[in-house]
Amino acid sequence: MTAIYKFTNMKSCCRILNTLFLAPSLPKSSVVSPNPNYCSTFRLKAILGRTNSTWGQSRIFSSSCHFNFSTTARTHFLVARAAPDLRNFSASVESHANDKNFDRIYMQGGINVKPPPDEKIGADERVEVGENVRKSECSREAGKEESEMEKEAWKLLRNAVVTYCGSPVGTVAANDPNDKTPLNYDQVFIRDFVASAFAFLLKGEGEIVRNFVLHTLQLQSWEKTVDCYSPGQGLMPASFKVRSVALDDNKFEEVLDPDFGESAIGRVAPVDSGLWWIILLRAYGKLTGDYGLQERVDVQTGIKLILNLCLSDGFDMFPSLLVTDGSCMIDRRMGIHGHPLEIQSLFYSALRCAREMLALDEGSKNLVRAINNRLSALSFHIREYYWVDLKKINEIYRYKTEEYSTEATNKFNIYPDQIPHWLMDWIPETGGYLIGNLQPAHMDFRFFTLGNLWSIVSSLGTLRQNEAVLNLIDAKWDDLIGQMPLKICYPAVESEEWRIITGSDPKNTPWSYHNGGSWPTLLWQFTLACMKMRRMDLAKKALDIAEKRLSLDGWPEYYDTRSGKFIGKQARLYQTWSIAGYLTSKILMEKPDAAALLFWEEDYDILENCICALSNSNRKKCSRRLAKSQILV
Ligand code: GLC
């Protein structure tokens, strides 16, 4: 049988050729060299004979494969159903070329792999997952009946499910039948699906999440090109769509078509996608008990690729991750380039998840060491420099500037005049929060909700800081919750600031959309944070507010105005993560045991590591007790 591959550039083509030549028992004559007639697109034709070799048994080129990498003028690519198998070795070759365990990983990944995602879940696993489903359903039965609103939400969520070759693989971003111009809202967004995934997992339905994890994993390792440039391997797409493509014989085949930012408005890089993917993978294991998924060689490789990308050295002086504007939930220009809090807290969570999931062996030990070091440095950095409360603002207010020394108090040379007037009035006596961003001579004092909530969930903040954030939300309820939970950020940028920061963006006008709009999807993250800090009262109050309007208003994407009074100007209706966020909040409240699996307590090893590094001149001080006593701030 014959499989034909088209590649966007020489690099990816060579990678595959090398791999094929590396395979000891594949007849070399079966590989045809790149054809120069294809200009920058190279074709590799592998004649897959029935050989006696191990390749014959390999899943890599199974006889049912149809590869069709269409790389036409639009430089994105389509991944056909059989692609997962090829992934197993294309990823392995590059990322493990220097790995001592390369051979083992390579052979396992390529030949003895566990079933690819489009094969059905194995019998054993089905029992395991099924058991969890049953357990979960039982506990639901023991609980209270679903309300009409919950029933409606489940119906809508199920209608939003996207299938690929007959299996559920995700949910579309919005599913409004009256919307004639869905743009990319008919795609499965990685970050949006997390809310759906949690709802399904908490309901005991793991299959869709498992499929999603595995299919997005395949998309990760494909060569992607944006205007002749390939971003780093390991990047996860922002979204994907299932398309039908015509085959030669009048038949159609479904393919996954990912968007890595090359079609996205503003060409923004989805830095958060890979971080969410890792967080979701851990949650899947915790909630289903199916740890086999994270143990798979291809999944382990996926985690490593994401981390390699995040942990690679650059010019940066900070342990926080340096990103461009719009690289997360706020995927438009909003002045959050640099080191935005949301990315830092997701990064921290993903590092903690990865540390739990990575198989410890020779091949991963350097990576695990790098993760531990980064966790320590990152938590110190954020706790120390991002935190503000009344006392800290007063300190900044009295800062001396232009200090040249390693001992400087005002390390980032913040000019006190930068403290905005609104903040002086707004900051309550009790409570505090992590600021939105920190750069030389610049503190972005806006309150960004997702970053603060996820810092609580992951214990990026100290216990006292976590409590203080919820105290602040309580004290500033009308500003941050108002008539619809929750403000994406506070306050909005207005006038000249709006013009400069957003680039005069008509969608991000003051108190709309990303610029101070209210996003119901944030409710589930708020609920989780409240449950962790035993502030169920706050979660319940916010849920009650949302319940009054969400269904009546048609489950909008976001609300506008200072208090979140109006449905957003350009908000989609039947927005899936608004629906799923509500359901996830409801189930979390009913299942505190399940919720407890999804957040992290303080890790004193991380602290100890940092305290030791800071006081390495005095080894006596290096202890867990000291770490506990000096929980930084
Ligand atoms: C908007 C949001 C983004 C979300 C997407 C799909 O672009 O800013 O966070 O993922 O819509 O809902």
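What's counted below: heavy atoms across the whole structure, side chains too, no hydrogens, waters or symmetry copies. Counting convention: from 1, in listed order, for ligands and their atoms alike.
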Problem set entry | Atom CZ of Phe318: over 12 foreign heavy atoms under 6.0 Å | yes
Problem set entry | Residues that Asp444 engages under side-chain hydrogen bond (donor to acceptor under 3.5 Å, both in side chains), provided they are two or more places apart | Arg446
Exercise. Who passes side-chain hydrogen bond (donor to acceptor under 3.5 Å, both in side chains) against Asp560, sequence neighbours left out?
Worked result: Ser512
Exercise. For residues Lys540 and Thr527, is any side-chain donor paired with an opposing acceptor at under 3.5 Å?
Worked result: no
Exercise. Are Trp454 and Gln344 linked by a side-chain donor-acceptor pair shorter than 3.5 Å?
Worked result: no
Problem set entry | Those residues that, when tested against Trp511, pass ring-ring contact (aromatic ring centres under 6.0 Å, His included) (two or more places apart) | Tyr490
Show the distances, to 0.1 Å, for all pairs joining an N/O atom of ligand 1 and a protein N/O atom that are shorter than 3.5 Å, listing one pair per line.
{"residue": "ligand 1", "atom": "7 (O)", "partner": "Asp331", "partner atom": "OD1", "Å": "3.1"}
{"residue": "ligand 1", "atom": "7 (O)", "partner": "Asp331", "partner atom": "OD2", "Å": "2.8"}
{"residue": "ligand 1", "atom": "7 (O)", "partner": "Tyr513", "partner atom": "OH", "Å": "3.4"}
{"residue": "ligand 1", "atom": "8 (O)", "partner": "Met329", "partner atom": "O", "Å": "3.0"}
{"residue": "ligand 1", "atom": "8 (O)", "partner": "Asp331", "partner atom": "OD1", "Å": "2.7"}
{"residue": "ligand 1", "atom": "8 (O)", "partner": "His514", "partner atom": "NE2", "Å": "2.7"}
{"residue": "ligand 1", "atom": "9 (O)", "partner": "Met329", "partner atom": "O", "Å": "2.7"}
{"residue": "ligand 1", "atom": "10 (O)", "partner": "Arg191", "partner atom": "NH1", "Å": "2.9"}
{"residue": "ligand 1", "atom": "10 (O)", "partner": "Asp192", "partner atom": "OD1", "Å": "2.6"}
{"residue": "ligand 1", "atom": "11 (O)", "partner": "Tyr185", "partner atom": "OH", "Å": "3.4"}
{"residue": "ligand 1", "atom": "12 (O)", "partner": "Asp192", "partner atom": "OD2", "Å": "2.5"}
{"residue": "ligand 1", "atom": "12 (O)", "partner": "Gln575", "partner atom": "NE2", "Å": "2.9"}

